[in-house]
Student: 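The structure under discussion is supplied below as structure tokens; questions concerning it will follow.
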Amino acid sequence: MSDTKDSFVSEAAHTVPGDKEITRRDFLNEITMGALGIAGLGSVAVTYQFFSPNVLFEPPTTFRAGNPDLYPVHSVTFLQDQQVYIVRMPEGFYAVSAVCTHLGCVTQWKPDTEMIACPCHGSKFKSDGTKIEGPAPRPLPHFAISLTADGELLVDKLQNIRPGEVLKV
Amino acid sequence: MGATLHSALQNLRQTKVWKSIFRRGPANTNRTRSLAVFGNLFLHWLPVKVREKSLRVRASYYLGSISFILFIVLFVTGILLMFYYHPAAPHAYRDMKDLQFVVSNGVFLRNLHRLAAHLMVFAVFWHMFHVFYRGGYKPPHEFNWVIGVVLLLLTLFLSYTGYLLPWDQLAFWAVTVGTNIISAMPIVGDKIRFLLLGGNIVGENALLRFYVLHVVILPLIASLLIGIHFWRVQKDGGLTVKPKGGDGKE
């Protein structure tokens, strides 16, 4: 520190006119502003951390959907608590999200028109989630579906799979 | 009777207590009147002179004041409602129903709060249209126009955060849809939604966060900006008055 100060003082006399001279006041100002800036950024970071919860008390995203025999072939079953459709077709089982890809409303299966319809903004989907009509930007996603060791259907809502994949039972 | 009251008031003004509070003599000259305004915390932001023209009542007049009065009504009724409201599930919905059916005059307060909120959105928009079509955003009022736009956004955000608090189906789905709109923002959208809800779903964390925003953070910011807004209106020479057919300059 003291070396720097001395060199500033000694060089000050030889400074060419027009060169920017750093005075002690400038130096201390910059150090102070820098320290305040770092402290400010740090407080933004810790505040951001504070506002991001580490533990969430939210419903589990994996659930058992019961015995496969509960679902007749050619059926679409709406599981209201899970907001998922369990669809059984001759080729097998698949699980389709019931949450509209537009703004997150819960859709409804209309058996008479064989369509999944959203009550909020009128999006329509086929039973395999394919979009028929907007404003939804994407088809309804398919969730990973498997069998547990004791033979029940298991759906994982955090894992999306390609629409073609079905579970054969 | 009137003379007695007058002399009683005169005597009161001569007392030590009165003089220690107001410090000025009787406001009988323009100078002492100005000093009375300057020396008072609650009046100091008022202009020294007010043009008679700017006080003329027109169809679109007092919109800013109406917005402010509605804000005060919302402030007072909101604080009263807080005495009976827990921002937690399932209390929130029950408390709202209690306010409607059990608490004395609760339904009056709740409806007053709700109605004033609707009216405030309307009044603030109308005020903005008025200022816009009168050219009130032109120099030297540009910055105050920007503050006004921020106040409009705060009004809408206050409405939106208040919408969740009854914790009914309408509230739940409105906030589900609204926060999904936020997550449509590129890159930061999902992060902002997560922070705003305090989770991935509209749950108790979201209710508490919206509550704190609604009753503390947003009113505080709004109060501060309203103060600056009024202060600048007065320092810029009071309410905008334009001569008919003029170029906006007085």
Side-chain angles (χ1 to χ4, degrees), chain A residues 41-63 78-84 97-108 116-125 129 131 134-141 143-144 155-160, chain B residues 86-93 156-157 159-161 163-164 166-218 220-221:
Chain A
L41 283 179
S43 55
V44 168
V46 292
T47 309
Y48 174 77
Q49 284 177 330
F50 174 76
F51 279 112
S52 311
N54 295 322
V55 180
L56 289 173
F57 298 93
E58 293 181 347
T61 49
T62 306
F63 68 95
F78 177 43
L79 304 181
Q80 185 161 12
D81 290 346
Q82 302 295 342
Q83 301 180 349
V84 166
S97 165
V99 179
C100 185
T101 51
H102 179 220
L103 291 171
C105 293
V106 176
T107 55
Q108 280 173 347
I116 295 170
C118 179
C120 287
H121 308 101
S123 297
K124 292 187 178 71
F125 308 87
K131 188 176 89 177
R138 293 180 303 277
L140 297 173
F143 294 136
V155 179
D156 183 356
K157 288 197 278 186
L158 283 185
Q159 215 185 321
N160 289 1
Chain B
H86 304 78
H91 306 78
Y93 181 74
L156 296 179
F157 204 32
S159 283
Y160 181 64
T161 49
Y163 207 44
L164 181 65
W167 202 238
D168 52 9
Q169 284 292 315
L170 192 67
F172 182 86
W173 291 109
V175 171
T176 301
V177 167
T179 51
N180 274 317
I181 293 174
I182 294 170
S183 66
M185 234 189 285
I187 306 162
V188 289
D190 285 323
K191 210 70 210 164
I192 293 177
R193 178 175 191 266
F194 183 78
L195 284 182
L196 195 62
L197 294 182
N200 302 306
I201 55 167
V202 181
E204 283 209 55
N205 283 358
L207 180 59
L208 190 58
R209 280 180 189 213
F210 272 55
Y211 178 74
V212 175
L213 281 173
H214 187 76
V215 304
V216 183
I217 296 172
L218 296 176
L220 211 63
I221 300 172

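These numbers come from the heavy atoms of this one structure, side chains and all, not from hydrogens, waters or symmetry mates. The chains referred to below are lettered A, B, ... by the order of the sequence lines, with proteins before strands, and numbering in each begins at 1.
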Student: Quick check - list every chain B-chain A donor-acceptor pair under 3.5 angstrom, one line each.
Tutor:
unit_1: B:Asn180; atom_1: ND2; unit_2: A:Leu103; atom_2: O; d: 2.7
unit_1: B:Asn200; atom_1: N; unit_2: A:Glu58; atom_2: OE2; d: 2.7
unit_1: B:Asn200; atom_1: ND2; unit_2: A:Glu58; atom_2: OE1; d: 3.3
unit_1: B:Ile201; atom_1: N; unit_2: A:Glu58; atom_2: OE2; d: 3.4
unit_1: B:Arg209; atom_1: NH1; unit_2: A:Phe51; atom_2: O; d: 2.8
unit_1: B:Arg209; atom_1: NH2; unit_2: A:Phe51; atom_2: O; d: 3.0

Student: Within this structure, what is the CG-CZ distance for the pair B:Leu195 and A:Phe50, rounded to the nearest 0.5 Å?
Tutor: 12.0 Å
Student: Looking only at heavy atoms, what is the nearest atom pair of B:Ile201 and A:Pro59, with distance?
Tutor: CD1-CD, 3.7 Å
Student: Please report the closest heavy-atom contact between B:Gly199 and A:Pro53, naming both atoms and the distance.
Tutor: N-CG, 4.4 Å
Student: Take atom OH of B:Tyr93 as the centre, draw a 6.0 Å sphere, and report whether it contains more than 12 heavy atoms from other residues, nucleotides or ligands.
Tutor: no
